[in-house]
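Right, one structure below, let's go through it.
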Amino acid sequence: MLQNNWLVILLLLGMSSLGGTALVWTRLTECPLKMQKGRWLFMISLITFGVFGAVAALYLHHSLISIGLLMAFLFIAMLWDGPTLVVTPGE
């Protein structure tokens, strides 16, 4: 049982850092290509969280709350209307 807990902790930390990196690339960069990669990375992290949640529903019931909370916080952070970076062509 302890091995499963460590696996869940490592996967959640890895996926939340991946989602955080995607948020930084999407919101705080000036390069349009990096913004697009950040959006794709964010979607990949959400899909991976969903797959991990489905597997956890079958085998690791105690980890569903943390998976759901992390997905919700990443989704809220992506949709949050904070200050955006304005890129003007020619500068």
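Note: hydrogens, waters and symmetry copies are ignored here, and every other heavy atom, side chains too, is used.
Separating the OG1 atom in Thr48 from the CE atom in Met43 is a distance of 10.5 Å, to the nearest 0.5 Å. With rounding to the nearest 0.5 angstrom, the CG atom of Leu18 is 12.5 Å from the CG atom of Leu13. With rounding to the nearest 0.5 Å, the separation of OG1 in Thr29 from CD in Gln36 is 12.5 Å. Within the model, atoms CG of Leu69 and CD1 of Ile76 stand 9.5 Å from one another, a figure rounded to the nearest 0.5 Å. Expressed to the nearest 0.5 Å, how far CD1 of Ile47 lies from CE of Met15 amounts to 10.0 Å.
For the pair Leu12 and Phe52, the minimum side-chain heavy-atom distance is below 4.5 Å.
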Practice prompt. Kindly indicate, with the supporting measurements, whether the criterion side chain to side chain contact (heavy atoms under 4.5 Å, CB included) is fulfilled by Phe49 and Leu74.
Written response: CA-CA 11 Å; Phe49 265 129; Leu74 280 175; 3.5 Å; yes
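Tracing side-chain contacts under 4.5 Å through hydrophobic residues (I, L, V, M, F, W, Y), one reaches Trp25 starting from Phe75; they form part of the same cluster.
With hydrogens and angles ignored, the 3.5 Å screen pairs a side-chain donor or acceptor of Thr21 with a backbone N or O of Ser17.
Pairing each heavy atom of Gly19 with each of Phe42, the nearest pair is O-CD1, 4.3 Å.
Under the rule for a side chain to side chain contact (heavy atoms under 4.5 Å, CB included), the partners of Thr26 that lie at least two apart in sequence or sit in another chain are Arg39, Met78.
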